[in-house]
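To start, the structure under review is shown below, and the notes come after it.
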Amino acid sequence: MREVDDALSRAYAQKPQADSTSGFPPAPHWPARRGAEVDRAPHARYVREPDGLPSPGHESGRAAGVQIQWPDVVAELERAWGDRFEALADRLLEVRARKNLKVVLFTSCHRAEGRTTLVLTLARALARRPLKTLLVDADLAGPMLARSLGVRPIVGLDDVVEDGQALGEALIESPDERLWILPMRSAVARPREFLSSPAWACAMARLRREFDLVLIDGSPLFTGLSAAVLHNSVDAAVLVHNSATTGQRAIRRAQEVLEAGGVPLLGLAETFV
């Protein structure tokens, strides 16, 4: 997708440098597990429902407003090549209906291959469809969704699985779109134990029931000491790759890893061509 790469390059070139006074740390995840603050605004909100997950149009007097700030690169991609992402969303929904898919993992061989940017832009396209779409940050070694969207969650998926926090406390709704976000606040020390825990299985089971489509922004397959830690409870995977840095040998290896883990590969999404 050479045209998408051109748009990405322009957007990154125009992106302003991080403001040291903004309060956001330079690390890809928040250093503290408690006490994080949120930006108050009416554009999006946390839904705090201890007895259930949010439904479209639900209003709660306990909801705390959170402003979602979509990255400049996403807006640039939508302006330049929105039709491509709309077509990708349509194809994903066709496969979902044909193969009865609910949870799709987006992974890559390495970092910095454009995975999170692609998932964010695709999620925006899906949010314009008449279904409930959830975007989950499950990059266990370097969660980036919260930072990419300019929010500082009080509760994240890591708190739900490791500390028993209510799942509804971690969900962020963008009320102008049929889109929900489930962020992480911190990296996970033991990814294998995290994904094999009953709390993870329980959370994924609830999300399957409550949402029509769940997109998981997962960890790269070949990074860190704990390589190829696959997410349980996913139906299929999309492999995002940057052809300038990831060759065919790595892609074949990734396909073998997914196959060995019992995760069907839907296809390849090439970025930065």
Side-chain angles (χ1 to χ4, degrees), residues 24-36 46 53 102-113 115-116 119 134-149 151-172 180-208 211 214-240 246 250 253-265:
F24 291 101
H29 51 77
W30 309 119
R33 293 294 303 273
R34 289 288 181 269
Y46 281 94
L53 299 184
K102 179 67 73 84
V103 181
V104 180
L105 169 67
F106 287 77
T107 185
S108 56
C109 293
H110 310 291
R111 295 205 174 277
E113 299 206 58
R115 184 191 68 254
T116 298
V119 174
L134 172 68
L135 179 54
V136 179
D137 191 347
D139 185 345
L140 305 184
M144 282 294 294
L145 277 187
R147 180 174 178 83
S148 297
L149 296 173
V151 300
R152 303 186 67 174
I154 298 173
V155 178
L157 177 60
D158 45 325
D159 301 294
V160 172
V161 173
E162 295 182 330
D163 299 335
Q165 294 290 324
L167 183 57
E169 295 282 338
L171 288 165
I172 303 173
W180 284 258
I181 311 292
L182 179 54
M184 290 187 67
R185 292 201 308 112
S186 301
V188 172
R190 298 178 176 84
R192 294 185 186 277
E193 289 84 348
F194 185 93
L195 294 176
S196 62
S197 68
W200 165 265
C202 181
M204 290 306 301
R206 291 188 63 190
L207 295 177
R208 280 180 176 274
F211 292 92
V214 179
L215 309 181
I216 296 184
D217 184 18
S219 304
L221 294 176
F222 310 133
T223 185
L225 298 177
S226 185
V229 178
L230 294 180
H231 294 264
N232 297 331
S233 306
V234 304
D235 298 324
V238 173
L239 182 64
V240 181
T246 301
R253 182 185 171 204
Q255 291 174 311
E256 293 170 356
V257 167
L258 291 168
E259 181 179 353
V263 180
L265 180 63

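Values below: all heavy atoms of this structure, side chains included; hydrogens, waters and symmetry mates excluded.
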Residue pair Met184 / Asp217, side-chain heavy-atom distance below 4.5 Å: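 No; the side chains remain at least 4.5 Å from each other.
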Side chains of Ile172 and Pro183 in contact at under 4.5 Å (non-hydrogen atoms): yes
For residues 254-264, please give each side-chain donor-acceptor pair under 3.5 Å, one per line with the distance, not counting sequence neighbours.
none

Nearest-0.5 Å distance that lies between atom [atom1] in [X] and atom [atom2] in [Y]:
X	Y	atom1	atom2	result
Leu182	Leu135	CG	CG	9.0 Å
Leu167	Leu207	CG	CG	5.0 Å
Leu157	Asp139	CG	CG	11.5 Å

Under 3.5 Å donor-acceptor pairs involving side-chain atoms of residues 193-204, not counting sequence neighbours:
{"from": "Ser196", "atom 1": "OG", "to": "Arg192", "atom 2": "O", "distance (Å)": "2.9"}
{"from": "Ser196", "atom 1": "OG", "to": "Glu193", "atom 2": "O", "distance (Å)": "3.3"}
{"from": "Ser197", "atom 1": "OG", "to": "Phe194", "atom 2": "O", "distance (Å)": "2.8"}
{"from": "Ser197", "atom 1": "OG", "to": "Trp200", "atom 2": "N", "distance (Å)": "3.2"}
{"from": "Trp200", "atom 1": "NE1", "to": "Asn232", "atom 2": "O", "distance (Å)": "3.4"}

Considering non-hydrogen atoms only, spot the tightest contact between [X] and [Y] and give its length.
X	Y	result
Ile154	Asp159	O-OD2, 4.1 Å
Val160	Ala166	CG2-O, 3.8 Å
Pro220	Cys109	CB-O, 3.8 Å
Ala138	Ile216	CB-CG2, 3.6 Å
Val136	Leu145	C-CD1, 3.9 Å
Ala141	Arg111	CB-NH2, 3.4 Å

Could you check whether any side-chain N or O of [X] sits under 3.5 Å from a backbone N or O of [Y], counting only pairs where one atom can act as donor and the other as acceptor?
X	Y	value
Arg115	Ser219	no
His231	Gly218	no
Lys102	Phe211	yes

Arg208: partners by salt bridge (charged side-chain N to carboxylate O under 4.0 Å, His left out), with sequence neighbours left out: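 If we apply the salt bridge (charged side-chain N to carboxylate O under 4.0 Å, His left out) test to Arg208, skipping adjacent residues, the hits are Asp235.
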Salt bridge (charged side-chain N to carboxylate O under 4.0 Å, His left out) with Asp137: which residues, sequence neighbours excluded? none
By side chain to side chain donor-acceptor pair (under 3.5 Å), Thr107 pairs with (sequence neighbours left out) none
Residues which pass side chain to side chain donor-acceptor pair (under 3.5 Å) with Thr246, listed by chain and number, not counting sequence neighbours: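 For Thr246 the side chain to side chain donor-acceptor pair (under 3.5 Å) partners, ignoring immediate neighbours, are Glu113.
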Step by step, would you call Arg253 with Leu221 a side-chain contact (heavy atoms from CB on, under 4.5 Å)? CA-CA 10 Å; Arg253 182 185 171 204; Leu221 294 176; over 6 Å; no
